[in-house]
Amino acid sequence: MQEDQQQKPKRVPPRAGDYLNGDSPMKRAKDKLTRVLVWIYLHGFSTAEIIREVSGQKARGYAARLAKAGYLIETKTESGGFLRSVPVYYYTLSVTGLQEAERHAQVQIPYPEIDCWRVDQKLLRHGIIVQELTWSQVRFELIKDYRTERMIGVGGDKAKVKRPDAVWTEDDMSKTAIEVELSGKYDRDLDDFIHKLIEALYYDGIGTGRYGRFFIFSDQQKLLDRYKEAMRPGAPLSVWAKSARNRWEKHKTEEVPDWLCEQVYFLLYPNFLPNSHC
């Protein structure tokens with residue numbers, strides 16, 4: 001009887017701010033959306049899985065929900081998911097998504113993918129791998145900052161300096177340039193590639209090289225081995241020039257400098273990724 005007369009303590013419902021580090025659910029949702037929109041703005045397009053990871057969303061379907069809400073455009077890939085590592089759909093910004101991304105991005109750059117068909121589908125897998133590599137560094141706070149290829153500008157290759165697929169800024173402010181190679185280069189293209197790497201890394205004691213090191217990724221070990229052999233110290237390196245008949249011909253032969261092998265790393269994808277398996 002006495003126990004019945006005792007009042008039971010009222011249950012206090014949990015507050016969202018108690019388990020969201022003081023943030024309201026609305027703020028968390030907005031921050032999640034902003035991260036995704038800026039990521040796509042800087043990379044041009046993305047995939048449902050990368051979008052899910054960047055947002056921090058555990059459940060799948062977040063990209064499709066953003067498309068339904070009018071922030072993203074969902075476009076079916078030409079391979080329809082049958083090509084290895086290429087999903088059924090890719091996602092670009094809608095007009096609304098682009099306006100929101102531009103409000104929050106630290107840089108203002110062109111976004112031609114507002115026309116979703118401007119995405120070069122032949123390079124989809126290449127772009128996906130670049131994003132996976134960069135996100136693996138951002139997610140675990142292994143780098144201080146990053147820049148995408150479009151943020152680097154157009155002065156790279158035209159100025160005889162290799163423009164990387166991405167650049168990672170380390171904690172010591174040194175810069176690591178990222179290059180993803182899925183199909184091999186030969187003859188003049190390979191020689192030109194090496195020349196541009198040298199120009200991008202060269203330090204003359206007065207100025208500084210644009211990057212401290214290059215990471216070259218490929219999913220083919222044989223391709224990496226061939227590149228490594230072509231860049232070994234003292235390997236022949238041809239200089240090409242147009243002939244009187246307007247044909248590319250070998251003009252002279254130089255040697256790969258000894259220091260280059262110390263600043264170029266050859267890494268097999270996806271072994272480099274944390275928690276990845278062959």
Side-chain angles (χ1 to χ4, degrees), residues 44 109-110 120 122-127 129-130 133-134 143 146-170 172-269 271-272:
I109 53 179
D120 188 346
K122 295 189 296 295
L123 299 176
L124 272 178
R125 184 165 181 261
H126 178 276
I129 292 175
V130 173
L133 292 169
T134 296
I143 56 176
Y146 71 90
R147 294 165 66 197
T148 64
E149 182 181 11
R150 63 183 57 202
M151 295 168 68
I152 299 169
V154 297
D157 290 350
K158 292 182 179 179
K160 302 298 183 182
V161 177
K162 188 71 190 77
R163 182 175 63 186
D165 294 320
V167 176
W168 300 341
T169 301
E170 313 290 340
D172 62 1
M173 300 308 293
S174 65
K175 289 179 170 52
T176 300
I178 309 304
E179 190 69 22
V180 173
E181 292 288 303
L182 301 180
S183 58
K185 293 179 172 63
Y186 297 88
D187 299 325
R188 184 174 69 86
D189 288 338
L190 180 56
D191 290 333
D192 186 56
F193 178 74
I194 298 173
H195 278 296
K196 288 177 178 177
L197 287 182
I198 292 171
E199 290 297 324
L201 293 167
Y202 180 65
Y203 173 66
D204 59 8
I206 301 175
T208 58
R210 294 193 181 190
Y211 312 110
R213 63 198 68 83
F214 255 88
F215 284 177
I216 298 179
F217 291 92
S218 180
D219 59 351
Q220 304 173 54
Q221 186 61 55
K222 289 184 178 180
L223 185 151
L224 292 175
D225 291 342
R226 187 166 61 80
Y227 276 33
K228 189 173 183 179
E229 174 62 21
M231 296 185 210
R232 63 176 171 78
L237 179 61
S238 297
V239 177
W240 295 71
K242 285 276 185 85
S243 68
R245 294 179 294 177
N246 202 34
R247 295 179 181 176
W248 286 105
E249 296 180 352
K250 292 181 180 180
H251 178 62
K252 62 179 180 178
T253 300
E254 301 176 345
E255 290 185 353
V256 173
D258 294 346
W259 56 265
L260 185 63
C261 66
E262 299 176 359
Q263 292 178 253
V264 179
Y265 299 78
F266 303 88
L267 302 166
L268 187 65
Y269 168 89
N271 300 27
F272 176 81

What pairs with [X] under side-chain contact (heavy atoms from CB on, under 4.5 Å), at least two apart in sequence or on another chain?
{"X": "Lys252", "value": "Val239, Glu254"}
{"X": "Lys242", "value": "Asn246, Trp248"}
{"X": "Ser238", "value": "Asp191, Trp240, Lys250, Thr253"}

*NZ of Lys185: more than 12 outside heavy atoms within 6.0 angstrom?*
yes
Non-neighbouring partners of [X] that pass salt bridge (charged side-chain N to carboxylate O under 4.0 Å, His left out), sequence neighbours left out:
{"X": "Arg232", "result": "Glu229"}
{"X": "Glu255", "result": "none"}
{"X": "Arg150", "result": "Glu113"}
{"X": "Arg247", "result": "none"}

Spacing of [atom1] belonging to [X] relative to [atom2] belonging to [Y], to within rounding of 0.5 Å:
{"X": "Gln263", "Y": "Ile198", "atom1": "CD", "atom2": "CD1", "answer": "10.5 Å"}
{"X": "Tyr269", "Y": "Leu182", "atom1": "OH", "atom2": "CG", "answer": "9.0 Å"}
{"X": "Ser174", "Y": "Ile143", "atom1": "OG", "atom2": "CD1", "answer": "11.0 Å"}
{"X": "Thr148", "Y": "Asp165", "atom1": "OG1", "atom2": "CG", "answer": "10.5 Å"}

Is there side-chain contact between [X] and [Y], with heavy atoms separated by less than 4.5 Å?
{"X": "Val167", "Y": "Arg210", "answer": "no"}
{"X": "Leu267", "Y": "Asn271", "answer": "no"}
{"X": "Pro164", "Y": "Arg147", "answer": "no"}
{"X": "Lys162", "Y": "Glu179", "answer": "yes"}
{"X": "Leu197", "Y": "Ile216", "answer": "yes"}
{"X": "Leu268", "Y": "Gln220", "answer": "no"}
{"X": "Ile178", "Y": "Val130", "answer": "no"}
{"X": "Asp219", "Y": "Arg125", "answer": "yes"}

*Given Asp225 and Phe266, is the side-chain contact (heavy atoms from CB on, under 4.5 Å) satisfied, shown in steps?*
CA-CA 8 Å; Asp225 291 342; Phe266 303 88; over 6 Å; no
I'd like to check the side chain to side chain donor-acceptor pair (under 3.5 Å) partners of [X]; sequence neighbours left out, ordered by chain and number.
{"X": "Asp189", "result": "none"}
{"X": "Asp192", "result": "Lys196"}
{"X": "Asp187", "result": "none"}
{"X": "Glu170", "result": "Thr176"}

*Pairwise ring-ring contact (aromatic ring centres under 6.0 Å, His included) hits with a residue in residues 212-231, at least two apart*: Phe193-Tyr227, Tyr211-Phe214, Phe215-Tyr265, Phe217-Phe272
*What is the minimum heavy-atom distance between Leu201 and Gly212, and which atoms define it?*
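Heavy-atom minimum between the residues: CD2-C, 3.9 Å.
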_Minimum heavy-atom separation for Pro233 and Asp258, please, with both atom names._
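Between these two residues, the closest heavy atoms are CB-OD1, 3.4 Å.
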